[in-house]
Engineer: 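Questions regarding the structure given below will be posed in turn.
Letters A, B, ... are given to chains in the order of the sequence lines, protein chains preceding strands, and every chain is numbered from 1. Keep in mind that the numbers below use all heavy atoms, side chains included, and drop hydrogens, waters and symmetry copies.
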Amino acid sequence: MKVLELKHVRFRYKNRGNYIFKDLNLSADSGDIILVKGASGKGKTSLLNIICGIIPRIIDGDLSGEVLLQQRDQSIMNLPEISTYVSIMMQLPDYQLFFPIVEEELAFGAENMKIPPQKIEQKIQEILQYFSIENLRYCETNSLSFGQKKMIILSALFILSPQIFLLDEPFNGLQENQIDKIISRIKNYASEGKTFFIVEHFDRFCGIANKEINLDSYEK
Amino acid sequence: MKLNLRTLLILVIAITSLSVIYQDLKIQVTLLVLSISLNFLSKNFRRSFQRIYSRLKKMPKLIFTIFIFQTLFRKGGKEVFAIWKFSCTTEGLSYGAIASIRFTMIIVIAGLLFDIPSSKFMIAFRKWKFPYEISFLVASVIHFIPLMGKEILHSREALYLKGIEIENLTMRNRIKAFITLIFPILARSIIRVKYMAASLELRGFRLFKNRTYLHDNYLSKLDVLIQILVGIIFTTCVIFL
């Protein structure tokens with residue numbers, strides 16, 4: 001089943017001459033793990049921002065073409081509506097931490113989605129145990145390391161569990177054992193039908209993806 | 001004694017309001033003593049003492065300045081002494097003392113709320129029927145202030161690494177250095193806020209009118225009792241004092 005389609009997407013940032021995408025077409029099925037590759041400045045992060053609607057709602061630019069989320073036109077949805085289909089992990093975790101305590105951060109999305117408190121508690125316990133970070137539950141988010149912050153954001157996204165996960169350099173700053181656990185969880189979720197877009201520079205992650213988008217080869 | 005946040009907020013509001021309403025030295029001292037006692041009762045004695053001490057030790061200059069200004073510019077009562085064009089009167093001294101004690105009291109009583117996570121404020125405000133967006137905004141500001149502080153610290157460190165020590169600069173150069181610091185910090189904050197807003201909505205903020213909460217909070221019998229007592233005492237003071 002197609003969960004995402006981009007048709008003839010054309011985009012450039014405001015007040016900049018060159019188009020980042022001239023005629024981008026791609027689709028993703030449920031269960032896909034898609035690795036987004038490309039040199040710096042080729043539009044990897046921009047692609048994720050277009051899919052989740054940050055472009056053009058928050059970041060201005062000339063955007064044309066169609067973005068369909070489960071056959072629905074994304075351009076007529078607002079960001080909270082899009083959040084029921086898509087979640088994004090940005091490169092900098094500080095942009096995604098709103099609360100002083102880790103537990104509050106983990107619960108926030110689920111609370112917004114009206115998930116009952118008992119279920120939220122269960123999900124928090126499960127994800128913290130899975131990543132072996134139960135000790136962080138009551139820690140202050142400001143005092144966490146870069147890697148720990150990323151783990152918390154990832155955990156929050158897994159608790160939210162939308163159809164499409166957009167992960168921008170998710171393994172950056174993480175320990176090997178944590179990376180293995182994340183990969184295993186991604187594979188597990190994909191087998192349940194979730195779709196992942198993963199932006200990474202390193203070829204070592206090619207093995208986990210069943211599709212690859214190389215933005216170097218797209219016409220500019 | 002562990003009190004509910006709503007009870008603490010009511011205590012803080014009542015005590016600060018009484019302090020603002022009454023220009024009386026005895027009442028100010030009573031309120032200060034009450035504030036210190038509440039701090040000691042709220043957590044363990046030693047921690048409370050350390051917290052109050054660490055906050056107040058940064059303030060003597062400011063408290064003294066408040067005292068001087070109030071003393072010199074308030075007229076009335078008998079003249080105690082005069083320096084150049086300024087005369088110090090009994091009323092001026094009294095107001096200086098009142099203002100200084102009031103300021104100290106506000107620092108001490110606010111200490112009751114300092115270590116409480118923002119989510120608890122949101123729950124408390126929700127119980128008082130405040131819109132969630134407003135309580136979230138307040139909580140975000142509380143969360144954002146230390147982050148801004150950190151950014152300023154990092155920028156200062158960057159200046160140190162370039163060999164600029166702000167403490168050793170003249171006032172003019174200090175202002176220049178401050179301007180150099182503040183614009184990048186503001187620019188970064190604006191970008192951060194933009195992405196945070198997007199990220200917030202992409203986690204379902206304001207998706208539905210209502211939301212669930214992982215934790216709820218309920219008032220104990222002691223909380224109810226204290227809230228009623230504070231209400232009665234506050235009303236009595238306002239009517240009869």
Side-chain angles (χ1 to χ4, degrees), chain A residues 49 51-55 57-60 77-124 138 140-143 153 156-157 159-160 162 166, chain B residues 5 113-126 132-133 135-154 185 187-218:
Chain A
N49 285 341
I51 295 171
C52 72
I54 290 179
I55 291 175
R57 289 166 187 80
I58 305 290
I59 301 171
D60 277 348
M77 300 181 207
N78 56 28
L79 286 178
E81 271 179 279
I82 293 171
S83 74
T84 57
Y85 299 91
V86 182
S87 271
I88 186 168
M89 177 192 191
M90 297 172 181
Q91 276 178 31
L92 295 176
D94 279 335
Y95 288 164
Q96 295 189 274
L97 293 170
F98 311 105
F99 293 92
I101 305 293
V102 168
E103 184 196 57
E104 299 166 6
E105 199 64 60
L106 296 176
F108 177 68
E111 288 172 333
N112 290 332
M113 298 288 172
K114 286 177 138 178
I115 296 173
Q118 302 84 346
K119 194 93 190 273
I120 299 174
E121 175 61 37
Q122 203 182 318
K123 281 177 175 234
I124 290 176
Y138 301 105
E140 287 186 21
T141 49
N142 285 343
S143 65
I153 300 294
L157 297 196
I159 287 171
L160 209 52
L166 309 173
Chain B
L5 177 59
L113 308 174
F114 274 2
D115 298 334
I116 297 169
S118 54
S119 62
K120 289 200 172 168
F121 280 94
M122 286 197 283
I123 295 170
F125 290 143
R126 177 173 62 95
Y132 177 71
E133 285 82 358
S135 34
F136 184 83
L137 191 79
V138 175
S140 301
V141 170
I142 294 169
H143 177 56
F144 204 63
I145 291 167
L147 290 179
M148 279 285 279
K150 249 188 188 175
E151 291 228 6
I152 292 170
L153 211 71
H154 287 157
I185 291 168
R188 276 203 299 271
S189 299
I190 290 167
I191 293 167
R192 180 199 282 250
V193 165
K194 225 170 156 182
Y195 278 102
M196 282 181 97
S199 172
L200 197 64
E201 295 202 312
L202 281 169
R203 274 162 76 188
F205 183 63
R206 292 197 301 182
L207 178 63
F208 301 111
K209 271 188 178 173
N210 300 316
R211 67 199 294 278
T212 54
Y213 292 85
L214 176 60
H215 298 298
D216 211 333
N217 82 0
Y218 300 98

Engineer: Quick check on A:Ile54 against chain B: is it the side chain, the backbone, both or neither that has a heavy atom closer than 4.5 Å?
Structural biologist: side chain

Engineer: For the candidates A:Ile88, A:Asn142, A:Leu97, which exhibits the highest count of non-hydrogen atom pairs separated by less than 4.5 Å from chain B?
Structural biologist: A:Asn142

Engineer: So A:Phe98 and B:Ser199, side chain to side chain contact (heavy atoms under 4.5 Å, CB included) or not? Walk me through it.
Structural biologist: CA-CA 10 Å; A:Phe98 311 105; B:Ser199 172; 3.6 Å; yes

Engineer: What's the separation between atom NZ in B:Lys194 and atom CD1 in A:Ile59, rounded to the nearest 0.5 Å?
Structural biologist: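 Going from NZ on B:Lys194 over to CD1 on A:Ile59, the span is 6.5 Å.
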
Engineer: Report the residues that fulfil salt bridge (Lys or Arg N to Asp or Glu O under 4.0 Å) with A:Arg57, sequence neighbours left out, ordered by chain and then residue number.
Structural biologist: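 By the salt bridge (Lys or Arg N to Asp or Glu O under 4.0 Å) rule, A:Arg57 matches no residue at all.
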
Engineer: Chain B heavy atoms under 4.5 Å from A:Glu104: which part of the residue, side chain, backbone, both or neither?
Structural biologist: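 The side chain, not the backbone.
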
Engineer: Check each atom of B:Asn210 against the heavy atoms of chain A and say whether the ones under 4.5 Å are side chain, backbone, both or neither.
Structural biologist: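 Its backbone and side chain both get close to chain A.
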
Engineer: Report the option among A:Ala110, A:Pro117, A:Pro116 that has the most heavy-atom pairs separated by less than 4.5 Å from atoms of chain B.
Structural biologist: A:Pro117

Engineer: Might you point out which heavy atoms bring A:Ser83 and A:Pro162 nearest each other, and give the distance in Å?
Structural biologist: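 What the structure gives for the nearest pair is O-CB, 4.2 Å.
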
Engineer: Mind checking whether A:Met89 and A:Leu166 have side chains closer than 4.5 Å, heavy atoms only?
Structural biologist: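 Sidechains of A:Leu166 and A:Met89: no contact.
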
Engineer: Find the one option among A:Ile115, A:Ile120, A:Ile82, A:Leu160 whose heavy-atom pairs under 4.5 Å with chain B are most numerous.
Structural biologist: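 Looking at each of A:Ile115, A:Ile120, A:Ile82, A:Leu160 in turn, A:Ile115 comes out on top.
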
Engineer: Out of B:Glu201, B:Arg192, B:Met122, return the one with the most heavy atom pairs under 4.5 angstrom to chain A.
Structural biologist: B:Glu201

Engineer: Looking at A:Ala107, A:Pro100, A:Gly109, A:Ala156, which has the largest count of heavy-atom pairs under 4.5 Å with chain B?
Structural biologist: A:Pro100

Engineer: Measure from NZ or CZ of B:Arg203 to the centre of the six-membered ring of A:Phe108, then state whether that distance is under 6.0 Å and the direction lies within 45° of the axis.
Structural biologist: no

Engineer: Which bit of A:Asp94 is near chain B, if near means a heavy-atom gap under 4.5 Å: side chain, backbone, both or neither?
Structural biologist: both

Engineer: Does the plane of the ring in B:Phe136 sit parallel, tilted or perpendicular to the ring in A:Phe99? Use 30° and 60° as the thresholds.
Structural biologist: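 Because their plane-to-plane angle is over 60°, the rings of B:Phe136 and A:Phe99 count as perpendicular.
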
Engineer: Contact part of A:Leu92 toward chain B, heavy-atom cut-off under 4.5 Å: side chain, backbone, both or neither?
Structural biologist: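 Neither part.
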
